[in-house]
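Taking it in order: structure first as structure tokens, then the write-up.
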Amino acid sequence: MTRHVVVVGASLAGHATARSLRDAGYDGALTVVGDEPHRPYDRPPLSKGFLDGSLSAEDLALEDAEEDLGATWLVGQRATSLERTSAGPAVTLDDGTVLLADAVVLATGARARRLPTAIGGDLAGVHSLRTLDDALALRADLVPGARLVLVGAGFVGAEIAATAHHLGLDVTLVEATRTPLAGPLGAEVGAAVAGLHARHGVPLHAGVPVSALLGAERVEGVLLDDGTHLPADVVVVGVGSAPATGWLHGSGLDLDAVGAVRADRAGATAVPGVWAVGDCAAWWDDALGDHHRTEHWNDALHRPRAVAAAILGTAAPAAPAPYFWSDQYGVRLQFAGRRHGDEVLTVEAGTLEGGDALVVWWRHGTPVAVLGMGQPKLFNRWKRGLGAAAVAA
Amino acid sequence: MHHLCALDDVVPGEGLRVATVSPPVAVFRTDDDEVFVLDDTCSHQDASLADGWVEDCRVECPLHASRFDLRTGEVDQPPAKRGVRVHRAEVRDGEVWVELSTAAPNLPPGVTAGVTTATGVSA
């Protein structure tokens with residue numbers, strides 16, 4: 001009998017967990033803990049509409065105006081440890097509160113990776129972007145005409161670059177690897193997507209690591225490994241994220257090399273009564289034959305339904321295929337499916353050079369992944385056909 | 001009523017965005033030749049429902065998969081929280097006409113109906 005569920009994390013996955021539990025009929029006590037001072041909000045607009053000022057903080061709210069999940073919200077409080085007791089798992093908070101639960105759902109997400117202090121990582125004017133407060137701080141520095149250097153040309157870096165370019169900043173991207181986005185998209189398609197920067201006159205230095213951020217108190221420039229010096233008024237470091245699981249060491253959970261909590265297909269962890277979901281978790285993936293941390297907004301929204309079903313012992317809904325999107329320079333990029341890197345790829349519509357391609361990855365004659373660049377209709381048609389031998393296009 | 005398009009402009013099983021009214025609407029034609037007209041912009045974020053997948057008299061938003069009932073505009077699942085307006089549609093002599101709803105549209109944050117530049121033919 002489940003009488004108290006504690007959800008640690010009050011962002012998309014945490015909120016969706018609370019909502020999924022109620023939707024599934026759970027009427028016991030529900031406590032949601034979040035270390036940020038805010039009620040649940042949506043993060044994707046932080047690099048786009050919120051950053052350019054067209055959306056307000058209220059617009060980002062994940063809760064319905066009339067929504068009442070009957071939960072106790074402990075926001076602005078941080079969980080510091082997880083213990084197993086004879087009565088079930090217990091979460092301790094930074095003010096000493098101990099929450100005893102029948103089920104604990106870990107949904108603490110991830111933190112932005114930063115550059116080391118030794119190379120200027122904490123100079124004024126150096127930002128990362130993960131939270132609403134990060135976005136507010138960055139927004140204040142995005143003054144038209146200012147020189148912005150983005151360290152890291154992944155999806156978040158690319159979106160910030162596009163937004164800042166639109167706001168009238170002088171933007172430059174720096175990427176340590178030879179081709180941005182080669183990990184998720186492969187070199188050929190990654191290069192085509194990164195080509196959106198050049199099409200909008202935003203320079204990209206790829207294949208050159210950063211050796212230091214320069215400046216006395218405030219950042220004044222970025223020094224690259226090849227000796228290039230890029231003057232900068234503002235720097236954003238977008239070099240990925242790490243699971244926010246430091247507080248879980250010693251809890252008996254199985255953490256992977258980057259600190260993600262290993263869990264099964266429904267989020268159950270190595271500790272009875274403890275589940276993990278969202279960016280802090282690496283779920284078992286049958287298709288990959290391994291645990292995998294997806295970091296996809298879509299999974300943080302949908303996977304909590306499986307967690308709620310597992311906690312309550314009800315039937316779990318089918319999980320949607322991996323999916324993510326990114327909006328850059330007015331182009332909507334959408335990707336779905338799983339690619340391992342050795343697939344055959346075809347361009348089914350548009351062109352890679354033209355920035356309007358519909359790309360399909362094939363494995364043994366079966367479409368397994370699809371990318372659309374401003375091709376929402378075709379993209380969704382192919383997305384539905386992934387895994388099936390033939391697609392009507 | 002406003003004239004939107006010819007019925008033949010709409011592929012059965014798909015949607016067509018018509019921006020001659022403000023905010024733009026999406027015209028859907030089912031495989032049984034039924035016609036429905038809804039506000040085109042998803043109530044969650046700026047995405048065109050006319051680009052969405054149509055099945056079982058619902059359209060799935062092409063961005064995040066919230067599904068809207070073509071008959072009522074109601075939404076089935078997050079992230080969209082609100083439905084979209086439906087407009088009364090009529091097909092006359094192969095042309096699609098619509099009586100626009102007078103309710104306030106549920107446009108997503110950051111999207112406005114803008115100035116009314118409707119150039120649809122009134123009748």
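These numbers come from the heavy atoms of this one structure, side chains and all, not from hydrogens, waters or symmetry mates. Source: prediction; values computed, not measured. Numbered from 1 within each chain, the chains take letters A, B, ... in sequence-line order.
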Side chain, backbone, both or neither of [X] within contact of chain B (heavy atoms, under 4.5 Å):
{"X": "A:Gln375", "result": "neither"}
{"X": "A:Asp42", "result": "side chain"}
{"X": "A:Leu62", "result": "backbone"}

Taking [X] first and then [Y], would you say they form a salt bridge - that is, a charged N and a carboxylate O separated by under 4.0 Å?
{"X": "B:Lys81", "Y": "A:Glu67", "value": "no"}
{"X": "B:Arg58", "Y": "B:Asp69", "value": "no"}
{"X": "A:Arg130", "Y": "A:Glu36", "value": "no"}
{"X": "B:Glu34", "Y": "B:Arg71", "value": "no"}

A:Leu196 and A:His200 have their tightest heavy-atom pair at O-ND1, 2.9 Å
Winner by heavy-atom pair count (cut-off under 4.5 Å) against chain B, out of A:Lys383, A:Gln334, A:Glu58, A:Arg332: A:Arg332
Counting heavy-atom pairs under 4.5 Å with chain B, which one of A:Pro376, A:Ala65, A:Ser54 comes out on top? A:Pro376
What part of B:Ala65 gets closer than 4.5 Å to chain A, counting heavy atoms only: side chain, backbone, both or neither? neither
Under 4.5 Å heavy-atom distance to chain A, tell me which part of B:Pro79 shows up: side chain, backbone, both or neither. both
Stepwise salt bridge (charged side-chain N to carboxylate O under 4.0 Å, His left out) check, B:Glu14 with B:Arg29: CA-CA 6 Å; B:Glu14 293 195 10; B:Arg29 177 181 177 183; over 6 Å; no
